[in-house]
There are 2 protein chains.
Amino acid sequence: MTPAEPGAGWSRRRLLIGGGVAGAGGLAALGADYASRRARASGTDESPSLNGEVRIPFYGAHQSGITVEPQAHATYVALNLKKGVAKKDLARMLKTITDDAARLTQGVPALADSEPELGTVPARMTVTFGFGPNLVARVAGDAALPEWLGSLPEFGIDQLEDRWCDGDLLLQFNADDPFTIAHAVRMLLKDTRSSADVRWVQRGFRRAQGSEKSGTTMRNLFGQVDGTVNPQPDDTDFKELVWNRDGWMTGGTSMVIRRIAMNLDKWDRLDRPGREQSVGRNLANGAPLTGVNEHDEPDFTALTPVGFPVIPEFSHMARARTPDRSQRIHRRAYNYDDAPEPGKISNSGLLFVSYQADATAQFVPIQQRLDELDLLNEWTTPIGSAVFAIPPGCDENGFIGDTLFD
Amino acid sequence: MTPAEPGAGWSRRRLLIGGGVAGAGGLAALGADYASRRARASGTDESPSLNGEVRIPFYGAHQSGITVEPQAHATYVALNLKKGVAKKDLARMLKTITDDAARLTQGVPALADSEPELGTVPARMTVTFGFGPNLVARVAGDAALPEWLGSLPEFGIDQLEDRWCDGDLLLQFNADDPFTIAHAVRMLLKDTRSSADVRWVQRGFRRAQGSEKSGTTMRNLFGQVDGTVNPQPDDTDFKELVWNRDGWMTGGTSMVIRRIAMNLDKWDRLDRPGREQSVGRNLANGAPLTGVNEHDEPDFTALTPVGFPVIPEFSHMARARTPDRSQRIHRRAYNYDDAPEPGKISNSGLLFVSYQADATAQFVPIQQRLDELDLLNEWTTPIGSAVFAIPPGCDENGFIGDTLFD
């Protein structure tokens with residue numbers, strides 16, 4: 001069978017899964033494994049008819065949960081390493097979670113999968129690992145710590161809660177199907193339970209796959225188009241902006257995750273022009289207030305008839321921008337909407353997530369400008385913050401993080 | 001324009017939404033309203049190309065969140081009425097939430113929608129209302145209380161926590177898009193905030209739309225096919241089993257919602273044959289242990305070579321079944337998977353939801369048999385329980401619950 005015979009692998013898989021005989025789970029796993037190895041070898045998927053069958057390659061130069069078009073659901077789990085867990089334990093754990101993540105993202109049950117039937121719907125899942133400073137130092141000593149890895153500088157707007165901050169190991173799950181994520185989280189937490197404890201779990205969502213046309217910029221729960229200007233993997237300078245080039249981190253990146261509470265009740269009291277001025281874009285389609293379409297370049301020099309800037313100087317967009325093109329980040333945010341606390345009717349916000357080669361050089365100056373002055377600060381409060389080193393990808397003989405062990 | 005011109009309404013809507021001019025939100029709303037009124041008049045949808053555009057009719061003899069093919073996401077919100085809220089306040093509140101639910105399910109922003117751009121993706125949303133005994137009595141006195149409305153009898157297996165039990169008003173949201181639900185929940189909680197406080201929120205999921213072929217029976221987090229035998233709206237006796245025929249509740253139904261914690265760690269220690277015997281079905285495709293395909297009739301008389309029943313008498317399936325065909329219920333369960341509590345790696349289970357004309361006559365005897373003896377009880381614990389009266393549907397001149405006010 002050659003790649004010129006599309007679908008043949010999938011038919012075989014369907015046949016096996018539909019077999020309905022005792023032991024079909026094991027056969028199905030073989031079939032799926034076969035299909036996924038073929039797909040990995042050719043680097044393409046075989047045009048499955050259901051989104052649940054779409055697989056994102058796991059192995060490669062970079063981890064895959066950064067550049068793929070954002071999936072509908074995200075779960076981020078941060079773990080604390082247990083005392084006494086040594087370098088060799090960590091290598092074993094990382095090998096195990098790498099292997100299980102590679103399988104589950106391809107629709108193949110985990111190695112010791114207790115519910116193999118729940119592992120067969122990849123739904124574009126990616127699983128991405130990140131390291132906090134404690135894990136890096138425990139494996140390779142302080143010398144291996146990237147300068148930017150650690151807590152961010154304090155910002156005046158922050159009201160950080162320890163329960164949403166930091167961590168030694170990050171597991172990032174993204175998929176279009178919440179059930180796929182639930183099973184993968186469970187499998188990987190079984191792999192890590194002897195070495196680490198759950199520190200926090202944060203879940204977010206975007207529009208479901210199939211709700212909107214592919215490529216539509218997401219909105220946040222304020223109703224704003226959020227993420228229009230964002231370096232994309234096919235941009236010429238994406239590599240320089242996102243991929244790190246230092247030692248064991250070469251091909252990796254830094255990740256900033258901040259939990260931004262959004263005060264929807266206070267936002268309700270702001271009228272539509274006020275809302276549009278707070279960010280500098282209209283609400284209908286996200287166009288700059290000086291433009292017509294979402295991707296129009298803003299004109300910060302344009303004035304209203306009475307002489308004020310059309311895009312206020314203190315708007316989020318004006319403050320976030322800089323002519324320094326090295327100060328850019330690749331954002332991949334999700335909305336969150338948890339059960340309200342007693343007496344409240346919402347508990348909502350944004351899981352701000354960005355990837356950049358160097359968090360200190362790229363993220364921090366933007367955040368410092370926003371911290372000094374940004375109309376949006378009136379309605380938003382950062383309550384969680386963490387930075388992780390996202391190691392490069394690996395091939396089938398390696399594991400995520402192996403460059404740290406060399 | 002006639003119904004013979006499919007898509008014309010949708011093109012108009014797209015044109016308006018894509019307009020990108022100030023005020024386009026309002027025009028888009030008009031366009032969507034127009035399209036949705038046409039769809040309601042013809043009783044059909046206009047074959048939208050995106051699942052996000054699919055609308056389920058709101059008005060009709062029954063509320064629509066019971067018979068529609070289960071959507072991917074569910075949020076159930078129970079509220080406590082505030083002290084001093086009188087019959088006329090409740091009528092006003094119910095009119096408001098009926099109107100906003102009717103709009104949002106059709107992709108039309110709520111009447112005072114603070115983020116109208118978030119209300120335009122219906123994604124098969126249904127919003128369904130239910131009443132607890134306190135609300136019914138406050139409006140129409142104790143005489144209006146259905147006999148079955150109140151707490152269920154105590155079951156020996158229950159370990160109920162007050163934070164997951166009871167309530168005066170239930171808001172049930174189902175949609176294929178989590179963002180659609182988040183916005184609708186927010187809008188309806190704004191409508192109810194002067195009359196009621198949030199008591200609990202429970203969220204659940206199934207496979208995403210597009211993950212599996214339509215009509216696939218869901219699995220629970222134990223990996224079991226869950227819900228094979230379930231009266232469906234096109235069954236001849238569905239009407240008798242589900243729709244109530246007593247006074248103001250005619251055309252309504254009773255809803256039981258139980259939060260069933262599933263001990264995944266303990267389940268892990270059970271081997272595959274043990275798991276299959278606990279429920280009486282195989283794990284691969286949900287077929288009875290005496291059959292080959294999921295929907296095969298089980299043979300409770302079949303014996304193993306050594307003389308034991310192939311389907312154990314104490315299995316979940318054997319205990320749930322009865323020859324009394326009036327003791328059946330329409331199930332519509334969701335999985336839940338919340339953040340683990342400290343020291344744990346999962347917090348998972350099933351939101352068991354069933355609808356039946358009379359909860360006492362239909363649900364209680366099944367649950368009593370399962371309470372007495374059911375192998376699955378070893379791994380599951382009911383921790384929440386509530387019964388609600390789901391009033392009939394209404395037409396565009398009425399509101400949900402209006403028959404209680406006559």
(message) For chain B, which candidate among A/Asn335, A/Asn51, A/Asp268, A/Leu189 shows the most heavy-atom pairs at distances under 4.5 Å?
(response) A/Asp268
(request) Under 4.5 Å, counting heavy-atom pairs only, tell me which of A/Leu118, A/Val225, A/Asp176, A/Leu270 racks up the most with chain B. (result) A/Leu118
(message) Can you classify the ring geometry of B/Phe222 versus B/Trp267 as parallel (below 30°), tilted (30 to 60°) or perpendicular (above 60°)?
(response) parallel
(message) Taking B/Leu376's backbone N and O only, do any of them form a donor-acceptor pair with B/Thr380's side chain (distance below 3.5 Å, no angle check)?
(response) yes
(message) Check whether B/Arg281 reaches the backbone of B/Asp226 with its side chain - one donor and one acceptor, N or O, closer than 3.5 Å.
(response) no
(message) Is a donor from one side chain sitting under 3.5 angstrom from an acceptor on the other, for B/Tyr336 and B/Asn347?
(response) no
(request) Taking the side chain as every heavy atom from C-beta outward, state whether B/Pro122 and B/Glu53 have any pair of such atoms under 4.5 Å apart. (result) no
(request) Can you tell me which residue pairs pass the salt bridge (Lys or Arg N to Asp or Glu O under 4.0 Å) test with a partner in residues 282-294 of chain A, sequence neighbours excluded? (result) none
(request) Check for a donor-acceptor pair, side chain of A/Asn293 on one end and backbone N or O of A/His295 on the other, with a separation under 3.5 Å. (result) no
(message) Could you tell me if B/Arg206 sits above the aromatic ring of B/Tyr334, with its cationic atom closer than 6.0 Å to the ring centre and no more than 45 degrees from the axis?
(response) yes
(message) Quick check: under 4.5 Å, non-hydrogen atoms only, which of residues 190-203 of chain B neighbour chain A?
(response) B/Lys190, B/Arg193, B/Val198, B/Val201, B/Arg203
(request) State whether a side-chain donor-acceptor pair under 3.5 Å links A/Arg207 with B/Thr180. (result) yes
(request) Pick one of side chain, backbone, both or neither for A/Leu264, based on which atoms fall under 4.5 Å of a heavy atom in chain B. (result) both
(request) Could you tell me which of B/Arg275, B/Glu212, B/Glu276 has the largest number of non-hydrogen atom pairs under 4.5 Å with chain A? (result) B/Arg275
(message) Side chains of A/Asp113 and A/His183: any donor to acceptor distance under 3.5 Å?
(response) yes
(message) Between A/Asp338 and chain B, with a heavy-atom cut-off of 4.5 Å, which part of the residue counts as in contact: side chain, backbone, both or neither?
(response) backbone
(request) Examine whether an atom of A/Ala339 lies under 4.5 Å from a heavy atom of chain B, and if so say whether it belongs to the side chain, the backbone or both; otherwise answer neither. (result) both
(request) Would you mind telling me which of B/Gly223, B/Gly210, B/Pro342, B/Ser346 has the largest number of heavy-atom pairs within less than 4.5 Å of chain A? (result) B/Gly210
(message) Need one label for B/Asn220: side chain, backbone, both or neither, based on atoms under 4.5 Å from any heavy atom in chain A.
(response) backbone
(request) Considering only heavy atoms and a distance below 4.5 Å, find which of B/Asp177, B/Leu221, B/Val185, B/Val77 pairs most often with chain A. (result) B/Asp177
